[in-house]
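Have a look at the structure below, then the notes.
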2 protein chains.
Amino acid sequence: MGDRPSIRDVATAAKVSIKTVSRVVNGLDTVAPELRDRVQTAIVELNYVPNTMARSLKTGAGNAVGVVVDSIDDVFFSALVSAVEQRAISLGLGVVVCSSGFDPERERNQLLRLASQHVRGIILAPVGEQLEFLEPYRTSMPVVTVDRSLPGFDSVTVDDYAAARSGVERLVASGHRRIGLIGFDRRIQTARRRRAAYEDVLVEHGLAVDAELVPDVPLGSGAARAALRTVLALPEPPSALFLSNARHASAVISETHSLGRTDLAVVSFGDFSLADAVDPTISCIDQDPYSMGALAFDRLTQLFQNPVLDRVDLQVPTGFVQRSSHLIRIAELAAQPRRRAGKVSIS
Amino acid sequence: MGDRPSIRDVATAAKVSIKTVSRVVNGLDTVAPELRDRVQTAIVELNYVPNTMARSLKTGAGNAVGVVVDSIDDVFFSALVSAVEQRAISLGLGVVVCSSGFDPERERNQLLRLASQHVRGIILAPVGEQLEFLEPYRTSMPVVTVDRSLPGFDSVTVDDYAAARSGVERLVASGHRRIGLIGFDRRIQTARRRRAAYEDVLVEHGLAVDAELVPDVPLGSGAARAALRTVLALPEPPSALFLSNARHASAVISETHSLGRTDLAVVSFGDFSLADAVDPTISCIDQDPYSMGALAFDRLTQLFQNPVLDRVDLQVPTGFVQRSSHLIRIAELAAQPRRRAGKVSIS
DNA sequence: TTCCTCTCGGACAACGTTGTCTCGGCTGGT
DNA sequence: ACCAGCCGAGACAACGTTGTCCGAGAGGAA
């Protein structure tokens, strides 16, 4: 009753053999037209759908790919997952999404669960560093990392260092000497790279590197707003902000508005909606999550066909969305009472 | 080599019988402690993970739930999916996400694919109206709809009509007589309900209902910006906007800013990030996607245990986020040259 | 000693599907 | 009319797991 019809039921209904039904649904062999018709009418009549698990069990290959990201509820990753799903559906593959929640232990469990599901491959935004346990599965379940890379795995990333440099350099070019970095999380590789770029730019321009301007902001927590407030409450607060992660950008911008501090120069790593509508409009480094997801999936399909391909690091180019926030000059701070603003405004 | 170890390999490695391994991994039977230890060390040594497909094939029950939504890349649905995944992981269930792309045909394919995957149940934001083909699977694969309801299925929704009424009424209370509705798509049930609420409020207040103020905005298209422009270009343009879908809200607000039309009163159905940072801040009807996802999943688990429960419609309460945009009065339009603004400002 | 209980292993079968193999029957060419 | 060749159908095993059933021991109690 509640049980689904099996290939056997279809066979008896169509008065053919089980094998013939199999041939029809797979469309591989030549089957006599009249038998094919009988089978197909029986299929629609019984509402038969082939049991993927049995098929996968027999053939050894699953019919889904896994995606493990920090959080599904994240503009960057939801766009990436969406791109993966678009691609996957055209190959008839399902997409199993899992969130790691920045927890290496949870990430490990999710990956093992995907392995037990026999997914064809995995797209992973890695959190943990110890993923050797995936080795035994590498050939039957290739892994491509996104956003972050991991030794020994194919990856799709952006050039964090170069992009972050260009963002910070624009702030320096607008005359800022104290630049806050909001969004640093030592656990995250990209956060470390972006911080390194930030510091390198500062020292290259003879500016002081002050750890107080780089508060810890654990990803996935709501700490960005508080981090902004503590940075602004410093004896020597920054006149500019580099938002190193788009996930915090909305919260930080919202907080600057509620504090009335729209005089801060800002560059965000990652575009976000309404960045062009707030005042001032926020200049952003643009990384395209759709391209990254699509590229990662394509690489995965290549690995399906040949699991022993050499490891490849694919980099997606970034852009810079010119808006107004990075052009705010330090001179405009003169109106601010809390801070002497006699610094020279460099052109 | 690349092949995964099977329960058989574990048994030989631990020098026990297959059955004992099965007993250990399922933790059901009493096994002698030393044997259990042998088995567990063999498991970690071989990196064994039980083959879920074989297990599901044998037991008949899958180990994943399916989620079918309009689009994954959507703040509302990505939050909902996230809530579902949070809940699912605690039960050891995977989440297979699929997007319907507003296409009934594609929705049907996705649902059939989920059926062939033997998912335990499905959470669905329905697009099509013809889902009778799911009937044969109802007992083995329960379905709960979210956001929209469908005859014969359990659902988790909000009271669209009442919430939309309260939003439009606030605009009327601020003195507006011509109110645009951006976000109508006749294919979507909620869009129709919200439009009905809008029209009812207008007639109850003796205001004209003008279809020109309700442009068609197909969901999933980028038509919202153009719709706003055409509405504003009418001979008698609106002085207020009711955004009936949060998916368009960001685009519409962005467009009002680029047009310099921040004088429009606005209420949005659905909150969105930076609604509190743009000027004016945008008042929103708040529907909580996390609650909806969690509730839908909980209902699904009830149906797992008892598939023949009576159908239930669960409604999640909505709130109203008081910001400033709904308080903009028509009198303030006096400065606008394109429109005589001599109308009385009703308190 | 005998009997009962308890733990573990071995032997099947089965879930639904597909690959392999074989055989029957048909077609076409001679 | 006969045979070669071929095409399609059916029988069977197997994928990895679990459930059932039974038997072999071991240990304790009567």
Side-chain angles (χ1 to χ4, degrees), chain A residues 2-39 42-43 46-63 92 115-120 136-137 140-141, chain B residues 2-40 42-43 46-63 92 113 115-120 136-137 140-141:
Chain A
D3 276 350
R4 298 149 142 89
S6 83
I7 197 172
R8 199 181 315 268
D9 302 316
V10 177
T12 59
K15 299 203 205 346
V16 296
S17 81
I18 295 176
K19 195 71 198 109
T20 305
V21 178
S22 174
R23 281 196 262 256
V24 170
V25 300
N26 291 333
L28 293 178
D29 236 343
T30 52
V31 179
E34 46 150 334
L35 286 193
R36 152 165 284 137
D37 285 348
R38 283 226 305 272
V39 169
I43 284 175
L46 293 175
N47 239 295
Y48 166 76
V49 283
N51 185 333
T52 306
M53 327 211 86
R55 180 179 295 178
S56 302
L57 176 60
K58 184 69 178 115
T59 59
N63 68 134
S116 87
Q117 301 247 68
H118 272 221
V119 295
R120 286 278 292 275
Y137 311 117
S140 62
M141 188 181 76
Chain B
D3 276 352
R4 299 151 142 87
S6 83
I7 197 173
R8 199 180 315 265
D9 302 315
V10 176
T12 58
K15 299 205 210 334
V16 296
S17 79
I18 295 177
K19 198 76 200 96
T20 306
V21 180
S22 175
R23 281 195 262 254
V24 170
V25 301
N26 291 334
L28 292 177
D29 236 347
T30 54
V31 179
E34 45 150 335
L35 284 192
R36 152 166 285 136
D37 285 348
R38 283 227 304 275
V39 170
Q40 273 165 348
I43 283 174
L46 294 174
N47 241 295
Y48 167 74
V49 284
N51 185 331
T52 306
M53 326 213 87
R55 181 181 290 179
S56 301
L57 176 61
K58 182 70 177 122
T59 61
N63 67 135
R113 208 166 46 73
S116 86
Q117 302 248 64
H118 272 222
V119 295
R120 285 280 291 277
Y137 312 117
S140 61
M141 186 182 78

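Note that these values count all heavy atoms, side chains included, but never hydrogens, waters or copies made by symmetry. Letters A, B, ... are given to chains in the order of the sequence lines, protein chains preceding strands, and every chain is numbered from 1.
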If I take atom CZ in residue Arg55(A) and atom P in nucleotide dC15(C), what distance separates them, rounded to the nearest angstrom?
18 Å

Evaluate His118(A) against Ser56(A) for side chain to side chain contact (heavy atoms under 4.5 Å, CB included), listing each step before the verdict.
CA-CA 8 Å; His118(A) 272 221; Ser56(A) 302; 6.0 Å; no

Ignoring the backbone of Leu57(B), work out which of dC15(C), dT7(C), dT17(D) is nearest its side chain.
dC15(C)

Given atom CZ of Arg36(B) and atom P of dC8(C), what is their separation to the nearest angstrom?
9 Å

Residue pair Arg55(B), Val25(B): steps toward the side chain to side chain contact (heavy atoms under 4.5 Å, CB included) verdict
CA-CA 12 Å; Arg55(B) 181 181 290 179; Val25(B) 301; 4.2 Å; yes

Between Ala54(A) and Ser17(B), which has a closest nucleotide on DNA chain C that is more 5'?
Ser17(B)

Could you check His118(B) against Arg38(B) and say which one's nearest nucleotide on DNA chain C is further toward the 5' end?
Arg38(B)

Just by modelled atom types, is the Asn47(A) backbone N or O under 3.5 Å from a matching donor or acceptor in the Tyr137(B) side chain?
yes

Between dT17(D) atom C1' and Arg4(B) atom CZ, what is the distance in whole Å?
15 Å

Worked verdict on Met141(B) versus Val119(B) for side chain to side chain contact (heavy atoms under 4.5 Å, CB included)
CA-CA 7 Å; Met141(B) 186 182 78; Val119(B) 295; 3.7 Å; yes

Grab the CG-P distance between Asn63(B) and dC15(C) for me, whole Å please.
20 Å

Is there a donor N/O on one and an acceptor N/O on the other, under 3.5 Å, for the side chain of Lys58(A) and the base of dG16(C)?
no

Taking CD1 from Ile18(B) and P from dT20(D), how many angstroms apart are they, rounded to a whole number?
18 Å

Return no unless some side-chain N or O of Asn51(A) is found under 4.0 Å from OP1 or OP2 of dC15(C).
no

Rounded to the nearest Å, what distance is computed from the NZ atom of residue Lys19(B) to the C1' atom of nucleotide dC8(C)?
11 Å

At under 4.0 Å, does any side-chain N or O of Tyr48(A) touch on OP1 or OP2 of dT17(C)?
yes

Quick one: is Ser22(B) getting a side-chain N or O under 4.0 Å of the dT17(D) phosphate, OP1 or OP2?
no

In whole angstrom, give the distance that lies between atom CG of Asn26(A) and atom P of dG19(C).
7 Å

Value in whole Å for how far the C1' atom of dC21(D) lies from CZ of Arg23(B):
12 Å

Can you tell me if the side-chain N/O atoms of Ser56(B) get under 4.0 Å from OP1 or OP2 in dT17(D)?
no

Could you walk me through whether Ile7(A) and Ser22(A) pass the side chain to side chain contact (heavy atoms under 4.5 Å, CB included) test, one step at a time?
CA-CA 7 Å; Ile7(A) 197 172; Ser22(A) 174; 3.8 Å; yes

